Amino acid sequence: MCRSSLVLVAIVGTAVVTGCAASAPGTGSPLVAGTGAPVIVPGGPGDAGRTATPGERLGESEARVGAADVRFAEGMIPHHRQALEMAELVPARSSSKEVRTLAERIGAAQRPEIAAMTSWLESVGRPQDGHGGHDDHTVTPEEMNRLRTARGAAFDELFLTLMIRHHEAAVTMASQQLRTGTDRAMIAMAGDVVSGQGIEIARMRGMLGR
């Protein structure tokens with residue numbers, strides 16, 4: 001995704017604000033700022049926004065949380081984490097400035113989204129352990145080992161090939177959420193994944209000459 005950090009903070013804030021605070025799925029609830037990702041409260045016309053205080057009540061939510069919303073967040077967190085693991089290999093192995101820039105963008109986009117989804121899950125009573133619920137094997141352990149040992153142009157080609165597949169899986173997951181989800185925050189997150197990662201897939205295919 002190619003959004004600025006300011007916009008990403010706003011997305012994170014929106015995701016946390018619109019989540020249900022410790023409520024049963026299928027019900028509306030008060031919107032309460034959590035202690036995870038920052039919640040940005042817009043100011044009046046011409047005024048700057050502010051960061052909400054943890055525990056601050058921000059109004060009422062009309063969102064209805066369903067099983068599809070929870071599955072999406074619980075699946076996307078480890079999926080994003082695997083993408084970050086791949087991106088963190090780039091600086092020491094890549095010979096391409098374009099690939100290094102792409103890896104930085106992936107990190108800048110997906111770390112805040114992990115924070116937002118983690119906070120959202122906590123707010124609906126589904127806190128995650130340190131692994132985000134389960135591991136993601138879109139890229140297999142064997143492929144990750146190949147990526148770790150590759151260098152230079154060989155690394156760049158393998159990284160782009162694997163990341164395209166990884167992004168395509170994320171778009172599939174997000175598209176399913178758009179069809180079956182009911183919570184506005186997770187629907188918005190899914191829309192952002194489809195849009196942002198779709199753009200990056202096209203960019204990576206161009207870098208590979210496909």
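These numbers come from the heavy atoms of this one structure, side chains and all, not from hydrogens, waters or symmetry mates. Heads up: numbering here begins at 1 and tracks the sequence. Please read all numbers here as calculations on a predicted model, not as lab measurements.
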Within the structure provided, determine whether Ile106 and His167 are in side-chain contact (heavy-atom separation under 4.5 Å). yes

Name the residue from His166, Gln110, Glu85, Arg111 that meets the side chain to side chain donor-acceptor pair (under 3.5 Å) definition with His80. Gln110

Rounded to the nearest 0.5 angstrom, the CE-CE distance for Met117 and Met76 is 6.5 Å

Can you find a pair of side-chain heavy atoms, one from Val124 and one from Asp183, that are under 4.5 Å apart? no

When rounded to the nearest 0.5 angstrom, what is the spacing between CD in Glu143 and CG in Leu162? 5.0 Å

Does Arg100 reach the main-chain N or O of Val90 with its side chain, forming a donor-acceptor pair under 3.5 Å? no

Does Thr149 reach the main-chain N or O of Arg146 with its side chain, forming a donor-acceptor pair under 3.5 Å? yes

Output yes when a side-chain donor or acceptor of Thr182 lies under 3.5 Å from a complementary backbone atom of Arg64, and no otherwise. yes

Closest heavy-atom pair, Phe72 versus Met173, reported as atoms and distance to 0.1 Å, is CD1-O, 3.9 Å

Check: Met189 main-chain N/O paired with Glu113 side-chain donor or acceptor under 3.5 Å: no

Keeping the roles fixed (side chain from Ser195, backbone from Gly191), state whether a donor-acceptor pair exists under 3.5 Å. no

Give the minimum heavy-atom separation between Gln197 and Ala170, together with the two atoms involved. OE1-CB, 3.2 Å

Smallest separation among heavy atoms of Met163 and Ala83, with atom names: CE-O, 3.8 Å

Less than 4.5 Å apart, any side-chain heavy atom of Leu89 and any of Phe159? no

Heavy-atom closest pair, residues Val171 and Gly198: CG2-N, 4.3 Å

Would you check if the side chain of Asp156 reaches a backbone N or O of Ser95 as a donor-acceptor pair within less than 3.5 Å? yes

Asp69 side chain vs Gly66 backbone, donor-acceptor pair below 3.5 Å: yes

Side-chain contact test, heavy atoms from C-beta onward, threshold under 4.5 Å: evaluate it for Asp136 versus Arg81 and give yes or no. no

